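Only a predicted model underlies this, so the values are computations on that prediction, with no experimental measurement involved.
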Amino acid sequence: MEKPSEEAAGGQNVKEKEEAQTMPDITEEEEDVESFTHADILDIFEEGLARLVQDPLLCDLPIQVTLEEINSQIALEYGQAMTVKVLKADAIVVVQDASVLDLKKAIRRFVELKQQREGGVRHISWRYTWRSYNLVFQGEKLEDDRVRLKDYGIRNRDEVTFMKRLRKK
């Protein structure tokens, strides 16, 4: 077996020295960040969200707001999203070119967040819901999940309702 030449070993040492020089030293600030617990980081994040929700644009959002709700509200303000009112729910925000499936997902997220905030832990079978009910806009059933809402003629602030599906014989 041949031993590596001193040049090769010396080259490795030079490379290691270069890497050591390019590695930044850990500062006190980074050490402080590493000493935070998960709970501390969550508290800081929630304080930041609370300050963010005080903005006039976002003031109508709930205290325990999610990032998705903030992004939806901003998109709505810039005209990149629309509000669809759902009977027996509330105004649901979806992007302008949302499909029926996107609306169904938004309804599900809205209902689940509302239940969490009100303390309800009740489980809803969404498979049963979508099998048993159709979303309806101006008498037309929104049956195809791939069709965009605007293709059904749904615009900002329009109302969509639930209608019980008839059983097929």
Side-chain angles (χ1 to χ4, degrees), residues 11-133 135 142 145-150 154-162:
Q12 287 176 351
N13 288 337
V14 170
K15 188 175 181 179
E16 289 173 6
K17 287 178 186 177
E18 288 175 0
E19 287 177 4
Q21 288 175 352
T22 60
M23 298 277 294
D25 293 333
I26 296 177
T27 63
E28 290 179 26
E29 185 177 314
E30 289 173 344
E31 287 178 4
D32 289 342
V33 171
E34 291 175 2
S35 65
F36 283 126
T37 64
H38 181 71
D40 294 338
I41 301 276
L42 281 176
D43 289 340
I44 292 169
F45 179 73
E46 287 175 0
E47 288 172 15
L49 274 180
R51 282 194 305 259
L52 187 64
V53 172
Q54 292 172 353
D55 183 272
L57 174 69
L58 306 172
C59 64
D60 53 340
L61 292 175
I63 302 268
Q64 293 179 330
V65 66
T66 64
L67 182 59
E68 183 179 355
E69 289 173 313
I70 292 173
N71 288 336
S72 294
Q73 192 68 24
I74 292 170
L76 185 63
E77 196 63 31
Y78 283 110
Q80 298 169 343
M82 65 178 171
T83 303
V84 178
K85 295 178 183 173
V86 179
L87 191 65
K88 296 190 178 188
D90 203 356
I92 308 292
V93 178
V94 292
V95 294
Q96 287 287 348
D97 62 342
S99 65
V100 174
L101 182 62
D102 295 332
L103 177 60
K104 288 179 178 181
K105 288 179 180 179
I107 292 169
R108 178 180 180 166
R109 284 190 302 270
F110 174 81
V111 170
E112 288 173 353
L113 281 172
K114 187 174 180 181
Q115 284 181 337
Q116 285 177 354
R117 290 181 180 136
E118 293 174 355
V121 190
R122 206 175 78 200
H123 173 74
I124 294 178
S125 171
W126 291 100
R127 176 180 278 174
Y128 172 80
T129 301
W130 300 129
R131 232 184 10 215
S132 302
Y133 292 91
L135 289 174
L142 310 179
D145 287 346
R146 297 170 299 196
V147 175
R148 295 182 311 177
L149 295 177
K150 63 174 130 180
I154 298 173
R155 305 267 182 253
N156 195 18
R157 296 190 182 106
D158 281 343
E159 185 171 280
V160 175
T161 60
F162 281 93

Candidate pair I154 and L142, rule side chain to side chain contact (heavy atoms under 4.5 Å, CB included), full reasoning: CA-CA 11 Å; I154 298 173; L142 310 179; 3.9 Å; yes
Test log, rule salt bridge (charged side-chain N to carboxylate O under 4.0 Å, His left out), inputs E68 and K105: CA-CA 13 Å; E68 183 179 355; K105 288 179 180 179; over 6 Å; no
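A heavy-atom distance below 4.5 Å is found between the side chains of V94 and M82. At a threshold of 4.5 Å between non-hydrogen side-chain atoms, the residues V95 and D97 count as touching. Looking at heavy atoms from C-beta onward, F162 lies in side-chain contact with V86 at the 4.5 angstrom threshold. Side-chain contact between R108 and T129: absent, with no pair of heavy atoms (C-beta onward) separated by less than 4.5 Å. L149 has its side chain within reach of V100: a pair of non-hydrogen atoms, C-beta onward, lies under 4.5 Å apart.
Between atom CD1 of residue I92 and atom CZ of residue R109 there is a gap of 9.0 Å, rounded to the nearest 0.5 Å. To the nearest 0.5 angstrom, N71 atom CG is 10.5 Å from Q80 atom CD. Of the inter-residue distances, the one linking K85 atom NZ with R157 atom CZ reads 7.5 Å to the nearest 0.5 angstrom. Going from atom CD of Q115 over to atom CZ of F110 covers 10.5 Å, rounded to the nearest 0.5 Å. Taking CD of E77 as the start and CD1 of I74 as the end, the distance is 9.5 Å to the nearest 0.5 Å. Between the CG atom in L76 and the CD atom in Q96 there is a gap of 8.5 Å [rounded to 0.5 Å].
For the residue pair E69 and R117, the shortest heavy atom distance occurs at OE1-NH2, 2.6 Å. Across all non-hydrogen atoms, the minimal contact from L135 to W130 is CG-CZ3, 4.0 Å. The heavy-atom pair separating V93 from A81 by the smallest distance is CG1-CB, 3.8 Å.
The main-chain N or O of D40 is never found under 3.5 Å from a side-chain atom of D43 such that the two would form a donor-acceptor pair. When atom types are taken as modelled, the side chain of N156 and the backbone of T83 share a donor-acceptor pair closer than 3.5 angstrom.
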